[in-house]
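A, B, ... follow the sequence lines: proteins, then strands. Residue 1 opens every chain.
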Amino acid sequence: MPARTDSLVVVTELSSAKKLTLEFYARPVLTVAQECIGKVLVHRTAEGETAGRIVEAEAYRGPEDRAAHSWRGMTPRTAAMFGPPGRAYVYLLYGVNWAFNIVTSSEGQPHAVLIRALEPLRGVELMTQRRGQRAMARELTNGPGKLTQALGITGADYARDLCGDELFLEDGLAGRIGRSRRINVEPAGEVWAARPWRFYERGNRYVSVLPRD
DNA sequence: ACGAAGATCGACT
DNA sequence: GTCGATCTTCGTA
């Protein structure tokens with residue numbers, strides 16, 4: 001009986017993807033951002049499960065990074081960035097779009113990875129319903145606000161523990177990784193805008209903006 | 001209280 | 001590629 005149970009556990013682990021644990025997130029933000037490429041973001045709700053491969057991500061390293069929301073210190077909105085790693089920092093942008101970030105590093109260091117694009121993987125039909133798009137449309141998940149809509153991520157997920165069962169990352173493989181400056185952070189000044197802190201999978205059609213350098 | 005700015009999106013040319 | 005919508009957040013008074 002014990003032997004049989006053990007073998008079943010092994011089979012289960014081999015047949016299902018491995019959920020990433022705190023050790024993945026509690027590392028320098030640039031490391032986490034680069035390694036996020038190819039990993040699978042999963043969201044489970046009452047409507048069902050949706051999941052996609054991460055194909056574009058950016059590192060934000062406040063308070064010194066002027067492009068980061070945390071550069072002026074903690075505010076009610078940015079509190080989650082200053083909290084423990086392995087949690088979600090979700091914020092509303094331009095009044096209508098939610099953006100999803102992963103808090104990294106260690107508590108007190110306001111570092112986070114913005115997820116900018118996904119390649120749809122599971123629950124594609126649900127994504128098309130939420131987005132009002134065709135199943136193969138690039139527009140399904142090729143932007144920070146689009147992917148949160150497709151996966152049903154909102155302010156209700158603020159500070160959610162990514163080691164739980166609702167919102168988490170699974171292991172996955174990446175193709176060739178490209179690197180460039182971040183998107184739409186020019187107001188932060190050229191010094192910070194020029195940092196090559198954006199990572200993406202080369203040649204993937206879901207990457208939001210073609211590299212400028 | 002007020003006002004300016006914003007890690008975007010979708011429609012349109 | 002350009003452009004306007006839209007509304008929360010936060011700094012300043």
Margin query: Taking any atom closer than 4.0 angstrom to a non-hydrogen atom of chain A, what span of DNA chain B does the protein reach, first nucleotide to last?
Written below: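 First-to-last contact on DNA chain B, by the 4.0 Å heavy-atom rule, is B:dG6 to B:dG10.
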Item checked: Any A:D157 side-chain heavy atom under 4.5 Å of A:T148 side chain -> no
Check: Side chains of A:R53 and A:E201: does their closest heavy-atom pair fall under 4.5 Å?
Finding: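 SC-SC contact between A:R53 and A:E201 confirmed.
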Margin query: Could you check whether A:E56 pairs with A:R198 (Lys NZ or Arg NE/NH1/NH2 to Asp/Glu carboxylate O, under 4.0 Å)?
Written below: yes
Next item on the list: Could you tell me whether A:E49 and A:R122 have a side-chain N and a carboxylate O separated by less than 4.0 Å?
Entry: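 The answer is yes: the pair qualifies as a salt bridge.
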Note to self: Pick the closest DNA chain B nucleotide for A:A188 and for A:P144 by heavy atoms, then say which residue is nearer the 5' end.
What the structure shows: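 Taking each residue's closest nucleotide, the earlier one in sequence belongs to A:A188.
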Notebook entry, point to check: Roughly how many Å is it from CZ in A:R77 to C1' in C:dC7, rounded to a whole number?
Noted result: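 Nearest whole value for this atom pair: 12 Å.
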Next item on the list: Find the distance A:N184:CG to C:dC3:P and express it as a whole number of Å.
Entry: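 The distance from CG of A:N184 to P of C:dC3 comes to 15 Å, rounded to the nearest Å.
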Checklist line | Pairing partner (Watson-Crick or G-U wobble, both distances under 3.5 angstrom) of C:dT6 | finding: none
For [X], answer base if it contacts any base atom (sugar-phosphate contacts may also be present), sugar-phosphate if it contacts only those atoms, and nothing otherwise; contact means non-hydrogen atoms under 4.0 Å.
{"X": "A:A67", "value": "base"}
{"X": "A:R66", "value": "nothing"}
{"X": "A:L114", "value": "base"}

Checklist line | Enclosure of A:E125 CD (heavy-atom neighbours >12, cutoff 6.0 Å) | finding: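 Atom CD in A:E125 is not crowded, with 12 or fewer foreign heavy atoms closer than 6.0 Å.
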Notebook entry, point to check: Side chains of A:Q149 and A:R130: do they bring a donor and an acceptor to under 3.5 Å?
Noted result: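 Side chains of A:Q149 and A:R130: no pair found under 3.5 Å.
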